[in-house]
Amino acid sequence: MVFDTHNHTRFSFDADMDVQEALKKAESCHMNLVLTEHYDLNERQEDGSSVDFDLAHYFDAYGPLRGEHLLLGIELGLDNRPDYTARNRALVETYPFDMVIGSVHNLQDFDLYSDRAKNFLSKHDLFAQYLIYAEHTIHRNPYIDTFAHIDYPCRYLKYNDNVLRYEDYPLLMDNLLSTLIENDICLEINLRLIDQNGFREGLESIVRRYSELGGSFVTIGGDNHTAESIGTNYALGEAMAREYNLVPVYFKERKRMLDKLTI
C-alpha cells in the first residue's frame, strides 16, 4: 500500500484529527500514513502561543502504533537564521523521526498565512521574495527529507490570479529546484490545491521542471487535518508523478523507501 506522507493529528495546533479514525480511513483507502505534526519555532498562533508540541509525549503516545501502516515524522517550519537552523537540526538529531518535512511558512518575520503586509506587495514581488527565501533556507537546512507544498502561498492570497507557475519565475524556480536536487531532497506533490483549475496546472509546471532538471523522487501528501480528507486526490498526485517519470517515495527511519505500488 502507498503512503500519504503529510498528515496532522491533535498534536498539531491547527488539527483535531484522531489517530485511530485516521488509520481507519486510511485502511479503507488502502493507504498507509506518515504523521507530520507542525513544529514551527519561528511562528506564533494568534493568541501568541507557540506552534510546537511535546515531542517526548508524541513518541510515547504514538510509539505503540508505529509500524507497517503508521510512521512518525515531523513538519519543521524552516528559517534561514542560524539560531533557528541550529535548534531544528538538534531536534532532528535528538528524536527518532521516520521522516522530516521542511516547510516555509514565514519569510523570517513575514507570515505567509496572515501577514497583512502582503496586501501591499504585487503578486510578482511576493512570489519572487518567497522563492529566493526558500532557496536560501534550503541551503541552510539540507537535513530534511522533502520540501512541502511549494505552492503554499497560493492558498492565502487575494490577487486576481493566485497561481504560482514555473514560467513566471524560471530562474528563481530553477535555483530552488536545483538546490533540492543537489541536496538529495524530494519535492512534495501536495494535494491541497491539485483538483482546482489553474492551481493544478501551476503545480504541474513546477513538477515538470523538477523532472527536467534531474529530480527523481517525490513524496505525495494530502496535508490532511481531518480523517475525512485522507485519500482525496491521491490518484491525481500519483498520476502527475508518473506523467513526469518521478518515483513516489516515503521515509522510514530517515531512509528513502519506494511506495509499494510503484515498484
Side-chain angles (χ1 to χ4, degrees), residues 1-8 22-36 68-71 73 75 98-99 101-103 144-155 161-170 173-174 176-178 180-181 184-252 256-263:
M1 293 193 293
V2 298
F3 272 85
D4 185 311
T5 59
H6 195 152
N7 298 278
H8 300 279
L23 287 169
K24 184 176 180 180
K25 178 62 186 299
E27 183 180 13
S28 73
C29 297
H30 306 288
M31 299 178 69
N32 301 313
L33 301 176
V34 182
L35 301 186
T36 51
E68 181 180 359
H69 302 296
L70 182 74
L71 299 174
E75 180 180 1
D98 285 301
M99 180 172 175
I101 288 179
S103 296
I144 63 173
D145 299 316
T146 190
F147 180 57
H149 44 53
I150 195 169
D151 57 355
Y152 173 78
C154 299
R155 304 177 186 179
D161 174 10
N162 294 340
V163 178
L164 175 61
R165 302 177 182 86
Y166 168 78
E167 54 267 26
D168 293 334
Y169 312 88
M173 194 70 74
D174 279 357
L176 174 54
L177 296 176
S178 295
L180 294 177
I181 295 167
D184 199 24
I185 297 170
C186 298
L187 177 67
E188 180 189 79
I189 296 179
N190 189 280
L191 305 178
R192 181 70 68 86
L193 301 175
I194 200 171
D195 62 342
Q196 299 183 34
N197 289 334
F199 294 108
R200 179 177 181 177
E201 289 77 12
L203 178 59
E204 186 169 6
S205 71
I206 297 168
V207 171
R208 180 191 305 118
R209 184 56 175 163
Y210 173 72
S211 176
E212 291 172 350
L213 289 171
S216 300
F217 303 102
V218 292
T219 56
I220 302 176
D223 208 348
N224 300 300
H225 290 65
T226 65
E228 291 76 15
S229 68
I230 292 172
T232 303
N233 297 324
Y234 192 92
L236 294 178
E238 196 168 46
M240 187 178 291
R242 287 174 173 165
E243 175 70 19
Y244 299 105
N245 298 311
L246 296 166
V247 180
V249 299
Y250 64 98
F251 286 78
K252 182 177 181 180
R256 188 168 56 216
M257 313 291 288
L258 300 184
D259 265 336
K260 293 180 181 178
L261 291 185
T262 68
I263 298 176

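Quick note: residue numbers are just sequence positions, from 1. Reckoned from all heavy atoms, side chains included, excluding hydrogens, waters and symmetry mates.
- For Asp98, the side-chain hydrogen bond (donor to acceptor under 3.5 Å, both in side chains) criterion is met by Arg66, not counting sequence neighbours.
- Remark: Tyr169 OH to Asp174 CG distance equals 14.5 Å, nearest 0.5 Å.
- Between Cys154 and Phe199, some side-chain heavy-atom pair lies under the 4.5 Å cut-off.
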Taking it one step at a time, do Glu68 and Met1 satisfy side chain to side chain contact (heavy atoms under 4.5 Å, CB included)?
CA-CA 10 Å; Glu68 181 180 359; Met1 293 193 293; over 6 Å; no
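- Note on Glu27 versus Lys24: no salt bridge recorded, every NZ/NE/NH1/NH2 to OD/OE distance being 4.0 Å or above.
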Determine whether Leu203 and Leu193 satisfy the following criterion, side chain to side chain contact (heavy atoms under 4.5 Å, CB included), listing intermediate values before the conclusion.
CA-CA 9 Å; Leu203 178 59; Leu193 301 175; over 6 Å; no
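- Residues Glu238 and Ile220 meet the side-chain proximity criterion, which asks for heavy atoms closer than 4.5 Å.
- Relative to the six-membered ring of Tyr166, Arg208 misses at least one condition, a distance below 6.0 Å or an angle of at most 45° to the axis.
- Side-chain contact between Arg192 and His225: present, with at least one pair of heavy atoms (C-beta onward) separated by less than 4.5 Å.
- Annotation: the span from Met99 atom CE to Leu35 atom CG amounts to 11.5 Å, rounded to 0.5 Å.
- Closest heavy-atom contact between Cys29 and Gly231: SG-CA, 4.1 Å.
- Side chain to side chain, Thr146 and Glu188 fail the donor-acceptor criterion of an N or O pair below 3.5 Å.
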Let's go through Leu164 and Met173 carefully: what are the C-alpha distance in whole Å and the side-chain angles of both, what is the deciding distance for side chain to side chain contact (heavy atoms under 4.5 Å, CB included) to 0.1 Å, and is it a yes or a no?
CA-CA 10 Å; Leu164 175 61; Met173 194 70 74; 4.1 Å; yes
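- Rounded to the nearest 0.5 angstrom, Met257 CE and Leu71 CG are separated by 9.0 Å.
- Contact of the Val218 side chain with the Met240 side chain is not registered, since no non-hydrogen atoms from C-beta on lie closer than 4.5 Å.
- With Val34 as reference, Thr5 is the one residue of Asp145, Ile101, Thr5 to meet the side-chain contact (heavy atoms from CB on, under 4.5 Å) rule.
- Here the closest heavy-atom approach between residue Leu23 and residue His69 is recorded as CD2-O, 4.1 Å.
- Here CD1 of Ile181 is found 10.5 Å from SG of Cys186. Values are rounded to the nearest 0.5 Å.
- With rounding to the nearest 0.5 angstrom, the OG1 atom of Thr36 is 13.0 Å from the CZ atom of Phe251.
- Heavy atoms only, all atoms of each residue included: Gly102 and Ile144 are closest at CA-CD1, 3.8 Å.
- Considering only heavy atoms from C-beta on, Ile150 comes within 4.5 Å of Leu177 through its side chain.
- Counting heavy atoms from C-beta on, the side chains of Phe3 and Thr219 never come closer than 4.5 Å.
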Take Tyr244 and Glu204 through the test side chain to side chain contact (heavy atoms under 4.5 Å, CB included) and record every step on the way to the result.
CA-CA 9 Å; Tyr244 299 105; Glu204 186 169 6; 2.7 Å; yes
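- Summarising the geometry of Ser205 relative to Glu167, their closest heavy-atom pair is CB-OE1, 3.7 Å, with the distance given to 0.1 Å.
- Among all heavy-atom pairs drawn from Ser211 and Leu246, the shortest one is CB-CD2, 4.0 Å.
- Distance check: Asp4 CG to Ile230 CD1 gives 7.0 Å after rounding to the nearest 0.5 Å.
- Residue Gly221 comes nearest to His6 through the heavy atom pair CA-CB, 3.6 Å, listed as atom of the first residue, atom of the second, then distance.
- Thr232 is not listed as a side-chain neighbour of Leu191, based on a closest heavy-atom distance of 4.5 Å or more.
- Salt-bridge annotation for Asp223 and Arg155: present, with a side-chain N of the basic residue lying under 4.0 Å from a carboxylate O of the acidic one.
- Within the 4.5 Å cutoff, no side-chain heavy atoms of Pro248 are placed close to those of Val2.
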